[in-house]
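The next block holds one structure in the form of structure tokens; read it before the comments.
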Amino acid sequence: MAEAADIKGTGPSPARRWLRRTLTVAVGAPLLTGLLQAPVVTSPAVAAPSATAAPSVTAAPSVTAAEDATGSKTVDVSIDTLTPNTPVESDTVTVTGTVTNRGKKAVTDASVELRVGPRMDSRSEIEQATKRTGYRDDSDPSPVQDGPTAKIPKLGAGLSSDFSLSVPVADLGLDEAGVYQLGVSLTGQTSDRPYPRVLGIERTFLPYQPEPTEKKTQLTYLWPLIASAHVSAETATDDQRTPVFEDDALVAELRPGGRLDQMVSLGKNLPVTWVIDPDLLATVDAMANGYRVKDGSLHVPGANKELAERWLDELEKAVQGRKVVALPFADPDLASLAHHGKDVPGSLGHLQSATALAGVTVETVLHVQPSTDFAWPVDGAVDPSIVSVATSAGADKVIARSDSVRDDLSYTPTAARPLGNGSTTAVVSDALLSTAFEGDMVRAEGSTLAVQKFLSQSLAITLEQPEKQRSVVVAPQRMPTVAQAQTMATALRGLSGRRWSQPSDLVTAATAEPDPNASTAVPSGSRYPKKLRDQELQVQAFRDMKTTRDELNDFKVVLTFPDRVVTPFGNAINRETSTSWRGRTRAAAIYRGNVQDYLQRLTKGIQLVDKSDLTLSGRSATIPVTVQNKLVQGVDHLVLRLVSNNGNRLKINGERAAELPVKVGAGHSQSVKFDATAAVNGQVPVTAQLYTEDGTPYGKPMSFTVKVSEITPTVMLVIAGGVLLLVLAGVRMYTQRKRLAAQSAEAEAAETETTDSGEESGSAEGAEKAGEPEEAGSAEPGPEPGGSDAEGPEQPSDPTPDTGPESGDPSATGEKVDR
């Protein structure tokens, strides 16, 4: 190789650079124009090839800068694998990857080479190397002498080619234990610049510690099991009060290969401290016991019971005998509470209940006793208000981060230290290690580079003070992706040799002896990152939560079984403060709105039935008011107050206002009756209102009007009509009787005359025809004067036997209350 003999850490010699450029000029005149466009390349080094040409050495950075600007990023070099990631002297290092031509011209006569740099002396030096992109011959090392090379004769524009390089560790020139820069470069040429030059490079790091250190760093890695909220405040109407989910999206994370599945599958074989949101356990446990999912206005049965059971079973096995830390229920956003919520009454009260619920939930579901005295603000960023809120719920240990609680030291101190006045312990996680896997870990290149950087930083920590053992904590992102979790697991497996670190747990780390030089000051509020502050829940969100809490408090006191409502709504309000809403402002508002709307629908299930105006048909009457209960449980501890707006005209139970207790069974209605007494005729507005027993109004008032009249106009009309009918009937009867009496008198007179003449002729005939029978009917008597035949026709004055049914239609003038 052309540069194999170069001294490590320096660029090519002036003589070699002069020879290269001379050969380039000899290629042909067509390239002369291209060379003249970069005069700095052909200046001092060509004119002064001798050792006395000192200016050529100083001009090297300028040459490199020109190449960097025009060519050293032409080819993208990707390191996909590096094995083993923590080699020992007897190992062989293998690097595989891909080179891709990003330029517009083909690359020819290319070779891929390994470059191993000098030992890095500090963590900051590792970070500086990470930020470099293009090739710099003043800082990038030379290729490994007699090292492996992958030849690529031609690489067309936009094309890629794979490579694999293997070299024994003994040939890498690693003089002593430490962190070394490992680079993979492609050297080639293009048609416009037909001379060998570095067209692309990728850097990574090689941690080399062949023998165990005397003092190993105690490394605690947090393994978070946290998810966003999925359970609503609603429950089904069955006896089990089956929870209703907003969606079934959690299934994708629980199924094989999903995020939460991978977290359990990987974590069970790693030396980690499990940090769990109890709400996640409660959610999956609800799925395992039967759940329902919103589908528009319907609730459909959940279909993933067995999946939830399997995940919980695997998790329970994974955490047995391990340290488990339970965050407050639903992982509340401590910074949002501190900056926007603490001034809204009642906001911090739910933090205390969330902490109390955490231990019970974890122990019930996983059958392990968790630690509940840790608070974990977002990204470990703290200020005085956050620490105050975090400890208000009983936590005396705060997981902070070193980019918030900063130590002005040349080494990495132990994580634990007293914070502020000393009553709180800060466990300060290392920022570089904690953020090592936040990028895109899907591509093999990103994952490999992150693993090597993490391992190298961990070794650098140990080598900072090899004679002193320290405790370091790593607190990664709350919800790592599948690729991020897999990369984290790879990095932790790289430490399995325990040559410079040994695993620990968070409880032990919190009790480690503090470094006396470590910072114990709480950062001021002005240092809190603006990016994080912009993601917080705002004051209006906490006001919405307060409205829901107040309505719930008013509602629960009237229920026969208040726990059936208080528990799901209390958990839902806890979920409204979750850190998972960061960056999801609209989704958070929708969730809060759904919780409040459902509570209002329930409270409206107990209501007064509207009444129409009443008419009081006398000086006293009973006024009924109906209370309806549409809930699936009974209501009690309510009173109904009826108020007369004119106590001088209408009194209720002898007073201007009266109250009666209300108790209504599930799905029933109750009619509450009040005695009303009227003193003066007229209209009186009346208001009915439900109250709880402590005097708090419940629901909306209902108003109606009572019309007071001793004899109503309708009654007067009926009476007048009845009197008129009686008079007419009497006149008619008198007329008929008078006519009948006259007719009877005339009939009697006629009969008398007939009888007299008959007797005279009868005597004569009798004398002549004595003994003959009399003709039938000739002696039938007539009716008596003024009498009537029992079987004769019905008289007009007789009453009608059937008056017809009474109409059931409501009165047109409103409801009538009888005395």
Side-chain angles (χ1 to χ4, degrees), residues 123 127 217-226 267 270-277 323-325 327 331 334-335 371 373-383 386-387 390 395-409 411-420 424-439 450 453-455 457-462 464 469-480 484-485 487-488 491-492 495 501-515 518-523 527-529 532 579:
R123 300 183 67 188
E127 285 304 298
T217 300
Q218 293 181 330
L219 192 141
T220 298
Y221 204 102
L222 307 187
W223 200 252
L225 283 183
I226 301 172
L270 298 172
V272 296
T273 297
W274 297 83
V275 180
I276 301 177
D277 174 10
K323 292 296 182 181
V324 176
V325 172
L327 299 175
D331 187 21
L334 301 177
S371 299
D373 53 351
F374 286 89
W376 189 12
V378 174
D379 287 355
V382 296
D383 62 20
I386 294 176
V387 173
D396 58 0
K397 303 177 185 66
V398 178
I399 304 172
R401 206 164 72 183
S402 61
D403 53 354
S404 180
V405 180
R406 300 176 184 176
D407 296 299
D408 187 16
L409 300 173
Y411 61 92
T412 304
T414 288
R417 78 280 306 270
L419 195 63
T424 303
T425 298
V427 182
V428 182
S429 64
D430 187 83
L432 292 178
L433 298 182
S434 297
T435 59
F437 308 108
E438 289 186 352
K453 178 181 175 182
F454 177 89
L455 296 173
Q457 286 281 4
S458 67
L459 175 58
I461 290 174
T462 302
E464 287 172 340
Q469 186 177 59
R470 284 159 292 154
S471 174
V472 175
V473 173
V474 181
Q477 58 272 33
R478 271 175 154 77
M479 291 190 284
Q484 290 171 345
T487 305
M488 289 157 54
L492 288 175
L495 295 174
S501 70
Q502 61 187 29
S504 183
D505 61 79
L506 187 61
V507 176
T508 302
T511 60
E513 184 69 23
D515 189 314
S519 173
T520 60
V522 180
R527 285 179 51 188
Y528 189 82
L532 294 180
T579 58

Margin query: I'd like to know whether R123 forms a side chain to side chain contact (heavy atoms under 4.5 Å, CB included) with D430, so could you lay out the CA-CA distance, the side-chain angles of the two residues, the decisive distance to 0.1 Å, and finally the verdict.
Written below: CA-CA 12 Å; R123 300 183 67 188; D430 187 83; 2.8 Å; yes

Side chain to side chain contact (heavy atoms under 4.5 Å, CB included) against [X], all qualifying residues, sequence neighbours excluded:
| X | answer |
| --- | --- |
| D277 | I226, D279, D331 |
| P523 | V382, S404, V405, R527 |
| T414 | R470, S471, A512 |
| D403 | R401, A431 |

Note to self: The criterion is salt bridge (Lys or Arg N to Asp or Glu O under 4.0 Å); which residues satisfy it with D407, sequence neighbours excluded?
What the structure shows: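 Only R417 meet the salt bridge (Lys or Arg N to Asp or Glu O under 4.0 Å) criterion with D407.
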
Notebook entry, point to check: Partners of D373 by salt bridge (Lys or Arg N to Asp or Glu O under 4.0 Å), sequence neighbours excluded?
Noted result: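 Only K397 meet the salt bridge (Lys or Arg N to Asp or Glu O under 4.0 Å) criterion with D373.
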
First locate atom [atom1] of [X], then atom [atom2] of [Y], and finally report the distance between them rounded to the nearest 0.5 Å.
| X | Y | atom1 | atom2 | value |
| --- | --- | --- | --- | --- |
| L219 | S501 | CG | OG | 5.5 Å |
| L459 | L495 | CG | CG | 9.5 Å |
| I461 | T412 | CD1 | OG1 | 4.5 Å |
| Q502 | T217 | CD | OG1 | 8.5 Å |

Short side-chain to backbone donor-acceptor contact, [X] and [Y], under 3.5 Å:
| X | Y | value |
| --- | --- | --- |
| T273 | L506 | yes |
| D379 | A381 | no |
| Q477 | F437 | yes |
| S429 | A400 | yes |

Next item on the list: Decide yes or no on side chain to side chain contact (heavy atoms under 4.5 Å, CB included) for W376 and T579, but give the supporting numbers first.
Entry: CA-CA 10 Å; W376 189 12; T579 58; over 6 Å; no

Next item on the list: Please assess Y528 against I386 for the test side chain to side chain contact (heavy atoms under 4.5 Å, CB included), listing each intermediate value before the final yes or no.
Entry: CA-CA 10 Å; Y528 189 82; I386 294 176; 3.4 Å; yes

Minimal non-hydrogen separation, [X] against [Y], with atom names:
| X | Y | answer |
| --- | --- | --- |
| W223 | G267 | NE1-CA, 3.5 Å |
| L327 | F374 | CD2-O, 4.4 Å |
| P377 | L334 | N-CD1, 4.1 Å |
| A509 | S504 | N-OG, 4.4 Å |
| L455 | A491 | CD2-O, 3.3 Å |
| M488 | Y221 | CG-OH, 3.3 Å |

Margin query: In the structure I gave you, are the side-chain heavy atoms of P224 and P480 within less than 4.5 Å of one another anywhere?
Written below: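 Side chain of P224 against side chain of P480, heavy atoms only: contact under 4.5 Å found.
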
Note to self: So K323 and T220, do their side chains get closer than 4.5 Å, heavy atoms only?
What the structure shows: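 A side-chain contact under 4.5 Å is absent here.
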
Check: When you look at L433 and F454, which way does the side chain to side chain contact (heavy atoms under 4.5 Å, CB included) test go after all the steps?
Finding: CA-CA 6 Å; L433 298 182; F454 177 89; 3.7 Å; yes

